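All remarks here apply to the structure that follows.
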Amino acid sequence: MTLKHHLHSLFTHALVQLQEQGVISKEIFQGDIQLERARDSRHGDFACNIAMLLAKTVGKRPRELAEQIINHIPAQNEWITKIEIAGPGFINLFLAPHAYFQVIDNILTDKENYGHSQMGAEKSVMVEFVSANPTGPLHVGHGRGAAYGDALANLLTVAGYRVHREYYVNDAGRQMDILATSVWLRYLELCGETITFPANGYQGDYIWDIAANLHREHAQALQHPVSEVFQNLPLDAPQGGDKEEYIDALIERCKHLLGEVAYRHVFHEGLGVILADIRRDLEQFGVVYDHWFSETSLTVPENFVQKSIKQLQAQGHLYEQEGALWFRSTTFGDEKDRVLVRENGQATYFASDIAYHLNKLERGFNLLINIWGADHHGYIPRVKAAIGALGADPNCLTVLLVQFATLYRGQERLQMSTRSGEFVTLRELREDVGRDAARFFYVQRKSEQHLNFDLELAKSQSLDNPVYYIQYAHARTSSVLRRLADSQWIWTHSAATLHRLETPQEQALIVSLSRYPEVIESAAVAYEPHQLTYYLRDVAQHFHTCYDVHKVLIEEDEALRNARLSLLVATQQVLRNGLTLIGVSAPEMM
RNA sequence: GCGCCCGUAGUUCAGCCCGGAUAGAACGUUGGCCUCCGGAGCCAAAGGUCACAGGUUCAAAUCCUGUCGGGCGCGCCA
């Protein structure tokens, strides 16, 4: 039980007693008690405002009620030295130093498990994140989703949830056809043909790489005369036509000329290369998935899309209009109804998405978390509507939005567009500023906050990035322990000598360490890994201050030396635990 | 036009969910600290109309309403 939980239970106990005595009615007090760390040490260690909240409805003055509450808190509590009423009616708790020393014991005992919580009660949660279309390399926008999603999944894991990480691979649909066609056209160029590349094709260099593979394996076998390829097509955008119509016609031509088998080969060449690249990229970023879920698998071999449509139909939520099949999502709070099957017989992306979410539900997750780019926010009501229509609770789905990161190089704002091929990839970012800095920087801001990422700043002025500050603290602890190993001394942890840690700097550091379990719970419940980054900075700062003032490896006082070493090892453990959660390394040396 | 997000120190951001005591931090600026375990560090100072206007409250950066400013979304696209 954490320090805070313990204190919390004392208040609950006191208030329940007051209820039994009829001082407070059951309606007024439902059991929520806010217990907060006091910001000012003159206010003690923890402060509670419950008396002020209840005073009016109880019909007493806040300070009077506070008095009664205090009287029901066990007097000889081993951890509390003083309870006082302050200001308008705060109840301030002052803790004994050994209440905190207990924390050091806990950390040294629990090690990498310190701070873990049972909050999640083994509930299973799926976190689906990144899920970028496999039409090109991940860019810096995806990086933020990756860093945030992975840190969140880690947080939920240590908060007691069973977490499943999943990447939804959009390997069906028109974008993939555009990719295949783009690859084939580049292949034709490698065969020596001269063509005009479509405005709406994928223009990145990686398309050339895939085409080169194709050319290496098949030489001219997939070649067709350019005259046939471009015969009788509508005008492309630069010629005054519609780029969408043009690319669709080109896709059809491509399928027709290559035939089913050869087209699928080109298609899978592109998909395979890009997906493997994305997977490798994420692994190198420290993000590993439990499952890569293929959109195609929703239709082959079993057609989940048809199944979910039938299920909706059976419930009477579908209707036909103008040749299309519609889902009456307005019944479930959406602002307009949505098409599931188009006039041309093709299912929409939304139909696949319904099937995917039905599939998720059938796999038995208690909680579904989707991490999406903020530009998809308008999509949330219809997915929730679908879940409701399928008979499940829409609240089992939580969609967390991540704002795009805007990259700057100094004053220059970098444009990102997959189509134009001028984006900055996640890989480039990693190679530029390093994995640790990138992951920390991404997760440092609240996810719905716009992120301005200045590459020059992150690189040239590394002081601006607190990740170094925290890692340096960890490296320093390691350095001291290396020194210890070289000495004739041996560290023995003894609870008895911890009371020697009595200076303000040491006390402040211990208090900071004691907050870790609270931060884990708070960050997990709010889905806010950024809380952890602020916390880790706080720990590092208290450590640096302590380190500057008090030497650890002192010769003359063995008991004090051991006590300080215990504190140092505990600090190292907390820093390492926290950094691990956000995917940042805890280096022994820098 | 409708919907969602954002507006806090020169800059980048916490704090807002769940109202509470003197609104915090980093960078930058200014001034100090290296016979000592790693100075990638420490100590200190200056810097605020919490976008604006109302409202609720004993108490508002926080809750409600409106206004202004910035971003995004409103397809038989994905």
Side-chain angles (χ1 to χ4, degrees), chain A residues 32 34 36 38-40 42-43 47-49 52-53 55-56 61-62 86-90 92 133 135 170 172-176 178 244 295 321-326 335-336 338-353 373-381 401 403-404 406 441 444-454 457 461-473 475-484 486-487 505 525-526 528 530-531 533-535 537-538 540-541 543-554 561 564-565 568 589-590:
Chain A
D32 342 311
Q34 290 174 45
E36 288 175 346
R39 262 179 294 172
D40 189 325
R42 283 172 303 179
H43 299 141
C48 185
N49 65 352
M52 288 182 289
L53 290 178
K56 194 168 191 178
R61 285 192 302 276
F90 289 103
N92 293 336
N133 284 347
T135 53
N170 292 112
R174 181 162 164 272
Q175 294 305 317
M176 292 306 299
I178 296 177
E244 305 291 349
E295 182 184 356
Q321 188 178 307
E322 294 166 15
L325 187 63
W326 294 72
E335 59 186 22
K336 58 169 292 204
R338 309 291 173 178
V339 170
L340 294 188
V341 181
R342 289 190 257 164
E343 202 176 354
N344 65 11
Q346 279 191 318
T348 59
Y349 176 85
F350 180 42
S352 290
D353 235 12
D375 53 334
H376 287 71
H377 74 256
Y379 203 75
I380 298 171
L401 299 175
Q403 286 287 350
F404 278 128
T406 311
F441 211 106
Q444 191 184 11
R445 305 262 181 269
K446 233 165 55 172
S447 66
E448 62 262 36
Q449 189 74 247
H450 290 272
L451 175 61
N452 293 327
F453 202 137
D454 187 337
L457 202 65
Q461 299 189 351
S462 56
L463 279 178
D464 199 32
N465 197 327
V467 70
Y468 296 109
Y469 182 84
I470 298 165
Q471 288 184 318
Y472 182 53
R476 269 182 153 178
T477 62
S478 304
S479 173
V480 173
L481 294 176
R482 277 195 300 274
R483 288 250 174 188
L484 176 71
D486 290 341
S487 74
Q505 294 85 1
V525 77
E528 291 181 348
H530 77 271
Q531 290 187 27
T533 66
Y534 283 88
Y535 169 74
R537 217 217 161 263
D538 184 68
Q541 191 234 311
F543 172 74
H544 284 311
T545 299
C546 223
Y547 182 92
D548 242 59
V549 183
H550 308 298
K551 185 165 178 170
V552 176
L553 298 177
I554 44 174
R561 182 173 72 226
R564 285 185 175 164
L565 277 165
L568 177 124
M589 277 187 257
M590 295 176 70

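These values consider heavy atoms only, across backbone and side chains, with no hydrogens, waters or symmetry-generated copies. Naming: A, B, ... by sequence-line order, numbering from 1 per chain. As the structure is a computational prediction, the values presented were derived from the model and not from experiment.
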Using a cut-off of 4.0 Å on non-hydrogen atoms, how would the nucleic acid contact of [X] be classed: base, sugar-phosphate, or nothing?
X: A:Phe350; result: nothing
X: A:Ala473; result: nothing
X: A:Tyr379; result: base
X: A:Arg537; result: sugar-phosphate
X: A:His530; result: sugar-phosphate
X: A:Asn344; result: nothing
X: A:Glu448; result: sugar-phosphate
X: A:Gln321; result: base
X: A:Asn49; result: base
X: A:Asn92; result: base

Tell me the interatomic distance from [X], atom [atom1], to [N], atom [atom2], rounded to whole angstroms.
X: A:Tyr472; N: B:rA40; atom1: OH; atom2: C1'; answer: 6 Å
X: A:Gln531; N: B:rG24; atom1: CD; atom2: P; answer: 19 Å
X: A:Tyr535; N: B:rA25; atom1: OH; atom2: C1'; answer: 16 Å
X: A:Asp40; N: B:rG20; atom1: CG; atom2: C1'; answer: 14 Å
X: A:Leu451; N: B:rC6; atom1: CG; atom2: P; answer: 15 Å
X: A:Asp375; N: B:rG71; atom1: CG; atom2: P; answer: 15 Å

Which of the following nucleotides, [options], is nearest to the side chain of [X]?
X: A:Val339; options: B:rC5, B:rC76, B:rU12; answer: B:rC76
X: A:Gln34; options: B:rC18, B:rC6, B:rC76; answer: B:rC18
X: A:Arg445; options: B:rG20, B:rC13, B:rG41; answer: B:rC13
X: A:Lys446; options: B:rC76, B:rC6, B:rG41; answer: B:rC6
X: A:Glu335; options: B:rC37, B:rC16, B:rC74; answer: B:rC74
X: A:Thr545; options: B:rC76, B:rC43, B:rG41; answer: B:rC43
X: A:Arg174; options: B:rG71, B:rC77, B:rC13; answer: B:rC77
X: A:Met590; options: B:rG20, B:rU12, B:rA40; answer: B:rA40
X: A:Arg483; options: B:rC76, B:rG38, B:rA14; answer: B:rG38

At less than 3.5 Å, do the side-chain atoms of A:His377 and the base atoms of B:rG3 form a donor-acceptor pair? yes
Side chain A:Glu322 and base B:rC76 donor-acceptor under 3.5 Å: yes
On a whole-Å scale, what distance lies between the [atom1] atoms belonging to [N] and [M]?
N: B:rG69; M: B:rG47; atom1: C1'; value: 25 Å
N: B:rC16; M: B:rC64; atom1: P; value: 14 Å
N: B:rU11; M: B:rG32; atom1: C1'; value: 25 Å
N: B:rC63; M: B:rU56; atom1: C1'; value: 8 Å
N: B:rC42; M: B:rC27; atom1: P; value: 8 Å
N: B:rG7; M: B:rG48; atom1: C1'; value: 15 Å

Just by distance, no angles: are the side chains of A:Gln346 and A:Arg342 close enough, under 3.5 Å, to form a donor-acceptor pair? yes
Would you say the side-chain atoms of A:Asn170 and A:Glu295 include a donor-acceptor pair closer than 3.5 Å?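 Yes - a donor-acceptor pair under 3.5 Å links their side chains.
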For B:rC34, does the O4'-C1'-N9-C4 or O4'-C1'-N1-C2 angle fall within 90° of 0, making it syn, or is it anti?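 That one's syn.
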Indicate yes or no for a side-chain donor-acceptor contact from A:Arg561 to the backbone of A:Ile554 under 3.5 Å, with no hydrogens or angles considered.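 It does hold such a pair.
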Is there a donor-acceptor pair under 3.5 Å between the side chain of A:Trp326 and the backbone N or O of A:Gln321? yes
Tell me the partner of [N], counting only Watson-Crick (N1-N3 plus N6-O4 or O6-N4) or G-U wobble (N1-O2 and O6-N3) with both under 3.5 Å; none if nothing fits.
N: B:rA44; value: B:rU30
N: B:rA9; value: none
N: B:rG19; value: none

Between A:His544 and B:rA40, do the rings stack, that is, sit under 5.5 Å apart with planes less than 30° off each other?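 Stacking is absent between B:rA40 and A:His544, given that the ring centres and planes do not meet under 5.5 Å and under 30°.
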Side chain to side chain donor-acceptor pair (under 3.5 Å) assessment of A:His450 paired with A:Arg445: CA-CA 8 Å; A:His450 290 272; A:Arg445 305 262 181 269; over 6 Å; no
Measuring centre to centre across the rings, with the benzene-like ring taken for any Trp, is A:Tyr547 within less than 6.0 Å of A:Phe543?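 Between A:Phe543 and A:Tyr547, which both carry aromatic rings, the centre distance is below 6.0 Å.
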